[in-house]
**Student:** 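Right, I'll just put the structure down here and ask away after.
Quick note on labels: first sequence line is chain A, next is B, and so on, each numbered from 1.
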Amino acid sequence: MNEGECMANYDLTTIRHSAAHIMAAAINNLFPGTTFDIGPATEDGFYYDVDTGGRLGENDLPRIQEEMQRIIKEQHPFQYKEMSREQARQFLEEQGQKYKVERLEDIPEGQKITFYETAGFTDLCGGPHVEHTGQIKAFRLLSVAGSYYRGDERNPMLERIYGTAFHDKKALKKYIQHLEEARKRDHRRLGKELDLFSVNSGAGPGLICWHPKGALVRHIIESYWRDQHYKNGYELLYTPHLGQADLWKTSGHLDFYSDSMYAPMQIDEQDYYMKPMNCPFHIQVYKSRNRSYRELPLRWAELGTVYRYEKSGVLHGLLRVRGFTQDDAHIICTPEQVEDEIRKVLDFSISMWQAFGFQDIKAYLATQPSKAVGEADAWTEARQSLENAVEAVGLQCEVEEGGGAFYGPKIDLKIQDALGREWQTSTIQFDFNIPERFDMTYVGTDGNKHRPYMVHRALLGSLERFFGILLEHYAGAFPLWLAPEQVRVLPVGENYLSYARQVKDELRAADVRADVDADDDTVGAKIRKARNARLPYMLVVGAEEEENALVAVRSRKHGEEGKCSVNEFLQQLEEKAKAGE
RNA sequence: GCCAAUGUAGCUCAGUGGAAGAGCAGCUCACUCGUAAUGAGCAGGUCAGGGGUUCGAGUCCCCUCAUUGGCUCCA
């Protein structure tokens with residue numbers, strides 16, 4: 001058996017985990033006295049959590065990588081050792097490996113305690129590994145980061161080194177190219193390049209300013225969103241951005257959510273808070289008068305802007321911000337109606353995602369946690385209706401037992417983008433808590449008061465996050481219906497400027513977002529600019545076009561498409577729009 | 001918030017204690033252009049902010065702010 005075949009027998013996890021060991025050995029050589037925690041393989045690589053006493057920085061990665069290369073070249077075997085629990089403890093204590101000692105205690109009684117030694121580094125580890133270090137053919141160290149021991153912020157912070165490894169150099173190169181592609185599509189980069197938005201332009205971290213083009217795209221998204229909501233039986237609300245302390249006390253936010261809320265402001269000697277959620281206001285609308293079962297289900301939607309405190313270190317472009325607009329809605333209904341309502345929300349959500357070009361959707365059902373409010377029967381019933389609804393619409397679903405909020409079970413939808421990355425966006429949550437807190441009731445057929453069910457839901461999640469995802473999904477090249485500038489008319493010279501403007505006016509009259517490039521540039525330069533701006537269509541016009549009332553069409557997708565009249569071009573656009581482009 | 005790193009012109013970046021630079025973008029002029037960059041010129045800076053070391057700091061040290069990669073958390 002040659003080495004190539006041998007490699008193919010190991011799965012990626014084994015290769016990556018082995019690479020993590022080699023990295024640990026290298027760090028042990030370069031930074032004597034390091035204590036080690038764990039070094040698992042991950043979905044796209046591996047890491048090792050170590051404590052060098054703060055000696056490690058990004059600049060050390062090349063040295064560590066070189067040392068790893070040396071160890072690989074020397075083809076050290078991975079040697080298996082078994083120890084008794086007491087031997088193991090003694091061995092690790094002698095080495096001063098305090099984290100390993102604690103990890104040893106996690107291993108259940110009666111299970112074998114195994115070690116692997118390679119290149120002078122002996123690690124408490126269940127394996128498996130490759131036979132010898134020479135079998136790691138392609139790896140790369142990527143970054144250094146901090147990481148709390150056991151993921152708990154009360155614990156000391158360890159140094160985590162991320163790397164990745166593959167079967168061969170070709171696969172590694174492909175992965176590096178994938179990272180590069182993701183970097184190119186980064187919505188923060190595109191947002192700047194295409195002049196769509198800015199973050200913290202003097203406003204403050206995590207606060208977004210939408211520039212004209214970004215605002216236009218958002219407007220188009222919102223218009224579509226409203227339109228679809230009307231069609232799906234929703235009514236729209238507008239509610240304030242702040243509310244008085246009593247409201248947040250009743251809702252429970254001051255007790256359970258205050259870490260995410262901003263300090264109050266005083267108005268006429270009353271405390272007011274910026275809203276972190278919209279629901280208490282929607283409930284105010286509900287409670288503004290008596291409600292009858294005949295009105296239910298109520299479906300109330302709002303593009304509601306909320307403000308939440310997020311730790312400075314977690315802010316990230318548009319994807320994690322401190323002020324954002326949820327595409328929120330609350331469904332208030334009878335227990336009998338709820339399953340059907342959930343199904344409708346799922347259907348609606350799927351059609352919404354498809355409209356924006358996302359096909360791959362997965363559902364995640366989160367069930368009752370140990371600490372929860374509400375009747376056990378209600379939880380069981382709610383869970384059942386969520387499961388039934390997911391099944392009815394045919395979504396693939398994973399169950400996260402105990403993952404729900406204390407006030408109710410939920411379904412989250414995750415969508416996959418063009419690069420295969422998953423994003424959490426839609427959420428559908430039961431709430432057994434808030435109808436109780438606000439004493440929401442409706443009069444039933446029996447003339448008595450009943451407690452309605454309430455479901456929170458967001459489809460796109462927040463417009464900020466959604467816009468970021470959309471931008472990365474399309475790499476900045478918005479489909480025709482979303483493009484802020486759909487068509488640009490390029491006169492080949494100054495003499496054709498007035499004809500170009502006439503064409504633009506005709507397009508605008510037909511509701512096409514069109515502009516003229518009136519710059520003193522060559523045609524080549526104008527095309528280049530328009531392409532860099534990811535414009536779907538360019539219309540080149542010169543003497544020949546003007547004389548025959550034509551335009552020379554150039555599309556983002558196909559390049560030169562030949563000449564036609566403005567009307568013919570408009571017809572083409574209409575067909576493309578119908579096809580969802 | 002914590003760990004690590006970064007911050008130089010609108011953007012991308014060079015500048016290793018001794019005179020603040022380049023390309024692109026911008027402006028002006030010339031050219032009036034036919035499918036991915038016409039040419040020349042001009043302007044553009046409290047080197048994130050503050051403090052310190054030094055004869056001298058973009059460069060070294062400290063603090064603050066912001067950003068980036070993670071941890072925790074999350075729409």
**Student:** Hey, does the side chain of A:His316 come within less than 4.0 Å of B:G69's phosphate (OP1/OP2), counting only N and O?
**Tutor:**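 So the side chain of A:His316 is within the cut-off, an N or O lying under 4.0 Å from OP1 or OP2 of B:G69.
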**Student:** Quick test of your reading of the model: are A:Arg154 and A:Asp152 salt-bridged, counting only N-O distances below 4.0 Å?
**Tutor:**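 Salt bridge: yes.
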**Student:** Students often get this wrong, so: under 4.0 angstrom with heavy atoms, is A:Gly151 touching a base, only sugar-phosphate, or nothing?
**Tutor:**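 Touches sugar-phosphate only.
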**Student:** Between B:U72, B:A75, B:C11, which nucleotide gets closest to the side-chain atoms of A:Lys192?
**Tutor:**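 Of the options given, the side chain of A:Lys192 lies nearest B:C11.
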**Student:** Has the side chain of A:Glu310 got a donor or acceptor atom sitting under 3.5 Å from an opposite partner on the base of B:A75?
**Tutor:**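 Looking at the base of B:A75, it does pair with a donor or acceptor on the side chain of A:Glu310 (distance under 3.5 Å).
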**Student:** Looking at the side chain of A:Ser143, which of B:U72, B:G70, B:G69 is the nearest nucleotide?
**Tutor:**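 For the A:Ser143 side chain, the nearest candidate turns out to be B:G69.
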**Student:** Select base, sugar-phosphate, or nothing to describe what A:Tyr47 touches, counting heavy atoms under 4.0 Å on all strands.
**Tutor:**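 Since no nucleic acid heavy atom lies under 4.0 Å of A:Tyr47, the category is nothing.
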**Student:** How do A:Arg188 and A:Gly493 order along RNA chain B: which one's closest nucleotide is nearer the 5' end?
**Tutor:**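 On the 5' side of the pair lies A:Gly493.
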**Student:** With heavy atoms under 4.0 Å as the rule, sort A:Leu490 into base, sugar-phosphate or nothing.
**Tutor:**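 The residue A:Leu490 makes no contact with any strand.
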**Student:** Between the side chains of A:Glu400 and A:Thr367, is a donor N or O closer than 3.5 angstrom to an acceptor N or O?
**Tutor:**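 Absent: no donor and acceptor within the cut-off.
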**Student:** Over all strands shown, is A:Val321 touching base, sugar-phosphate only, or nothing at heavy-atom distances under 4.0 angstrom?
**Tutor:**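 Base contact.
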**Student:** Side chain of A:Met157: nearest nucleotide among B:U72, B:C2, B:U67?
**Tutor:**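 Between B:U72, B:C2, B:U67, the one nearest the side chain of A:Met157 would be B:C2.
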**Student:** For A:Phe324 and B:A75, are the ring centres under 5.5 Å apart with planes inclined under 30°?
**Tutor:**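 A stacking contact exists, since A:Phe324 sits close and nearly parallel to the base ring of B:A75.
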**Student:** Check this for me: does any side-chain nitrogen of one of A:Arg299 and A:Glu341 sit under 4.0 Å from a carboxylate oxygen of the other?
**Tutor:**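 Result for this pair is yes, salt bridge flagged.
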**Student:** Given side chains that start at C-beta, do those of A:Leu242 and A:Tyr273 come closer than 4.5 Å, heavy atoms only?
**Tutor:**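 Contact flag for A:Leu242/A:Tyr273 side chains = no.
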**Student:** Taking only the P atom of each, what is the distance from B:G56 to B:G18 in whole angstrom?
**Tutor:**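 Rounded to whole Å, the distance is 14 Å.
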**Student:** Mind checking if A:Glu494 touches a base, just sugar-phosphate, or nothing, with heavy atoms under 4.0 Å?
**Tutor:**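 Base, at least one base heavy atom under 4.0 Å.
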**Student:** Does the gap between the ring centers of A:Tyr234 and A:Phe348 come in under 6.0 Å?
**Tutor:**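 Aromatic pair counts; centres sit under 6.0 Å.
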**Student:** Applying ring pair (Phe, Tyr, Trp, His ring centres under 6.0 Å) to A:Phe36 and A:Tyr99, what does each step give before you reach the verdict?
**Tutor:** CA-CA 7 Å; A:Phe36 294 85; A:Tyr99 300 116; over 10 Å; no
**Student:** Test for a donor-acceptor pair under 3.5 Å between the base of B:C74 and the side chain of A:Arg465, counting only N and O atoms.
**Tutor:**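 Side chain to base: pair present.
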**Student:** Go ahead and name the base partner of B:G44; Watson-Crick or wobble counts if both distances stay under 3.5 Å, otherwise write none.
**Tutor:**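 Pair assignment: B:G44 / none.
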**Student:** Side-chain N or O of A:Thr425 versus OP1/OP2 of B:A75: is the shortest distance under 4.0 Å?
**Tutor:**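 Answer no for this pair, as no side-chain N or O of A:Thr425 is under 4.0 Å from OP1 or OP2.
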**Student:** Measure from the ring center of A:Phe466 to the ring center of A:Trp225 and say whether it is less than 6.0 Å.
**Tutor:**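 When the ring centroids of A:Phe466 and A:Trp225 are compared, they turn out to be at least 6.0 Å apart.
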**Student:** What distance, rounded to whole Å, do you find between the two P atoms, one in B:G10 and one in B:A25?
**Tutor:**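 It comes out at 16 Å once rounded to the nearest Å.
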**Student:** Could you check whether the side chain of A:Tyr309 and the base of B:G1 have a donor-acceptor pair of N or O atoms closer than 3.5 Å, going by distance alone?
**Tutor:**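 No, no donor-acceptor pair under 3.5 Å.
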**Student:** Kindly say if A:Gln424 contacts the phosphate of B:C74, meaning a side-chain N or O under 4.0 Å from OP1 or OP2.
**Tutor:**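 False: A:Gln424 side-chain N/O out of range (4.0 Å or more) of B:C74 OP1/OP2.
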**Student:** Can you tell me how far P in B:U46 sits from the matching atom in B:U8, rounded to whole Å?
**Tutor:**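 My reading of the P atoms in B:U46 and B:U8 gives 12 Å.
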**Student:** Assign each of A:Gly204 and A:Arg183 to its nearest nucleotide of RNA chain B by heavy atoms, then name whichever residue's nucleotide is nearer the 5' end.
**Tutor:**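 Final value for this comparison: A:Arg183.
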**Student:** Report, as a single string ordered 5' to 3', how protein heavy atoms within less than 4.0 Å touch nucleotides 34-39 of chain B: B base, S sugar-phosphate only, - not at all.
**Tutor:** BBBBB-
**Student:** With no hydrogens and no angle check, just 3.5 Å: does a side-chain donor-acceptor pair link A:Thr34 and A:Asn28?
**Tutor:**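 Looking only at side-chain atoms, A:Asn28 and A:Thr34 do not form any donor-acceptor pair under 3.5 Å.
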**Student:** Could you tell me how far B:G15 sits from B:C3 if I compare only their P atoms? Round to whole Å.
**Tutor:**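 These two P atoms come out 29 Å apart once rounded.
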